[in-house]
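Scope of the values below: all heavy atoms of this structure, side chains included, with no hydrogens, waters or symmetry mates. In what follows, chains are A, B, ... by sequence order, proteins preceding strands, each numbered from 1. The model shown is predicted, which means the values in this text are computed figures rather than measured ones.
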There are 2 protein chains.
Amino acid sequence: MELKYSHKLIIDNVGRFIDLTELEKQKYISLLAEVKVKKKTFLMQAGEITKYEYFITKGCLKVYTLDEDGVPHISMFAVEDYWTGDMASFITKEPSRYFIKATEDSELLGISRANYELLFKEIPKFEKFYRILYQRSLINYIRRSNYGISLTAEERYIEFKRKYPNIINRITQKDLAAYIGITPEFMSKIISKVNRM
Amino acid sequence: MELKYSHKLIIDNVGRFIDLTELEKQKYISLLAEVKVKKKTFLMQAGEITKYEYFITKGCLKVYTLDEDGVPHISMFAVEDYWTGDMASFITKEPSRYFIKATEDSELLGISRANYELLFKEIPKFEKFYRILYQRSLINYIRRSNYGISLTAEERYIEFKRKYPNIINRITQKDLAAYIGITPEFMSKIISKVNRM
DNA sequence: TAAAAGTCTTAAACTAGTTCATTTTTTTTC
DNA sequence: GAAAAAAAATGAACTAGTTTAAGACTTTTA
């Protein structure tokens, strides 16, 4: 049975942590919705209750909040083979504080809350998959929440460049500033300084 | 069957997400090690490969790294009913970069890596427990890594006070500064300013 | 393909947070 | 319970990052 590219990508991703039979793969795929988002349009907006968790098969999106002064703070850039969404809202059913906007034409696979719950009933192995997925994300976030506090903006920029060389040339400097946590003006200074070194 | 207080505490904690039979409770408890740490002594130190994940039944501990200049950065305070350890090292078997030191005489229940893996084999329900536990921690960390970047030190202090009123009066101002991400001197200024308001 | 909108750069004046040094207060230890 | 050690307060000089403003460069859109 031939899988289309996007399904192959998600099955490979899941396959890193658990083994699925052909039947289970079919079942899993049947629970996923295909979503396309054009560049500069929203996958979701603050105020909505998140109905899906997403896996990106193509493109790039930014996940961000706006603070009281309307200044954006980007919490992640999501590209191919990444999972994204607002887990807090997805789980608690409270309105999200996040916007997710495509920075390139993008394609995603979404799982609804109903199907997410069904998945654990039908294929309990997925408890293990998500246990490990969340464990790994947690390790990343713990590291990142320390970086945020203990490194200077310049160090955070160098670290981002080293860790995500494939993402840095797909995003604007302004968005990078909103991720690093500084003004676009100061980002510009840092970049010209680092390039001069 | 009467459980001792510490075991009752951990069984209640687990019971929030999954239901265990009496036999499963006994089995689970048999996989836990009891650990005591005196105030100002280490539960673990950087360089070690973490062998346990811990649940605190009594006391308070701080989890921290030292940066290149030897300045401590506290990533969490763990009190009764909290889970702690260095998950990155526990999972990857790489040396930890964290110290965990008791700030009060403390008592913990630890699960070794071998028993952690055994647990999933013997009581697969625990995949669900950890899936939900990690999911919730993740939600907290995502929130916190945004706070770190988007709030001022004064706002982070007010937020900590509001969220952890039970922890704030058990720790020193110096440790709080190392958690908030500022110098003890500036922490002192913020506190006297906020109290004057 | 021209005009409009958004992004990037540079610079001067400003503010949040640091550093260093000293004194007072609290906690620990024998 | 006195002496020693650690934590907290205060202040002056400093630095990383912000704000505001203006001009140059790039991308988007009609």
Side-chain angles (χ1 to χ4, degrees), chain A residues 37-41 60 62 64 66-74 77 99 101-105 147-161 167-197, chain B residues 37-41 59-60 62 64 66-74 77 101-105 147-161 167-197:
Chain A
V37 219
K38 281 243 167 261
K39 182 170 179 171
K40 290 196 182 178
T41 65
C60 181
K62 55 183 176 186
Y64 64 97
L66 294 178
D67 66 20
E68 320 79 64
D69 306 322
V71 177
H73 297 272
I74 295 180
F77 296 103
F99 298 83
K101 196 185 228 180
T103 64
E104 300 173 3
D105 290 352
Y147 287 160
I149 272 176
S150 67
L151 303 184
T152 63
E154 185 176 321
E155 289 167 328
R156 275 177 272 151
Y157 165 65
I158 292 169
E159 180 62 20
F160 185 90
K161 208 171 157 184
I167 294 184
I168 204 155
N169 40 37
R170 289 170 76 172
I171 59 177
T172 63
Q173 226 168 277
K174 199 183 170 193
D175 279 348
L176 183 55
Y179 177 89
I180 299 272
I182 55 174
T183 57
E185 291 87 346
F186 193 52
M187 186 81 258
S188 172
K189 273 181 207 167
I190 287 176
I191 290 176
S192 76
K193 183 187 166 200
V194 171
N195 288 343
R196 257 183 287 114
M197 297 200 302
Chain B
V37 219
K38 281 244 166 262
K39 182 169 180 173
K40 290 196 183 178
T41 65
C60 181
K62 55 183 175 185
Y64 64 98
L66 295 179
D67 66 22
E68 320 80 65
D69 307 322
V71 176
H73 297 272
I74 295 179
F77 296 103
K101 196 185 229 179
T103 64
E104 300 173 1
D105 289 352
Y147 287 160
I149 273 176
S150 66
L151 302 185
T152 63
E154 185 176 320
E155 289 167 330
R156 275 176 272 149
Y157 165 65
I158 292 168
E159 181 61 19
F160 185 90
K161 207 171 157 184
I167 294 185
I168 205 155
N169 40 37
R170 290 170 75 171
I171 59 178
T172 63
Q173 226 168 276
K174 200 184 169 192
D175 279 347
L176 182 55
Y179 176 88
I180 299 272
I182 55 174
T183 58
E185 292 88 342
F186 194 52
M187 186 80 258
S188 171
K189 277 176 204 170
I190 287 175
I191 290 176
S192 76
K193 183 189 166 199
V194 171
N195 289 343
R196 257 184 285 114
M197 297 200 304

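The separation between B:Glu155 atom CD and C:dA16 atom P is 11 Å, rounded to whole Å. Atom pair A:Lys193:NZ and C:dT10:P shows a separation of 15 Å (rounding to whole Å applied). Atom CG of A:Asn169 is separated from atom P of C:dC8 by 13 Å (rounded to the nearest Å). Atoms CG (A:Asp175) and C1' (C:dC8) sit 13 Å apart, rounded to a whole Å. A straight line from CD of A:Gln173 to P of D:dT26 spans 12 Å, rounded to a whole angstrom. In this structure, B:Glu185 places its CD atom 17 Å from P of D:dA13, rounding to the nearest Å. Atoms CG (A:Asp69) and P (C:dT15) sit 16 Å apart, rounded to a whole Å. Summarising the geometry, the separation between CD1 on B:Ile168 and P on D:dA8 is reported as 12 Å, rounded to the nearest angstrom.
For A:Thr172, counting side-chain heavy atoms from C-beta on, the closest listed nucleotide (C:dG17, D:dT18, C:dT7) is C:dT7. Distances were taken from every side-chain heavy atom of B:Arg156 (C-beta onward) to each of C:dG17, D:dT28, D:dA8; the shortest belongs to C:dG17. Among the nucleotides C:dG17, C:dA11, C:dT28, the one closest to any side-chain atom of A:Lys189 is C:dA11.
Nucleotides of DNA chain C nearest to A:Lys174 and B:Lys40 differ in position, and the one nearer the 5' end is that of A:Lys174.
Judged purely by atom type and a 3.5 angstrom limit, B:Arg156 has no side-chain atom pairing as donor or acceptor with the backbone of B:Tyr179.
Across all non-hydrogen atoms, the minimal contact from A:Tyr157 to A:Ile168 is CE1-CD1, 3.9 Å. Summarising the geometry of B:Arg170 relative to B:Gly59, their closest heavy-atom pair is NH2-O, 3.1 Å, with the distance given to 0.1 Å.
Going from atom CD of B:Glu104 over to atom NZ of B:Lys38 covers 12.5 Å, rounded to the nearest 0.5 Å.
Note: B:Phe160 and B:Phe77 have perpendicular aromatic rings, judged against thresholds of 30 and 60 degrees for the angle between ring planes.
At D:dA8, none of the side-chain N or O atoms of B:Ser188 fall inside 4.0 Å of OP1 or OP2 (strictly under the cut-off). Taking side-chain N and O atoms only, A:Thr183 has a distance below 4.0 Å to OP1 or OP2 of D:dT18.
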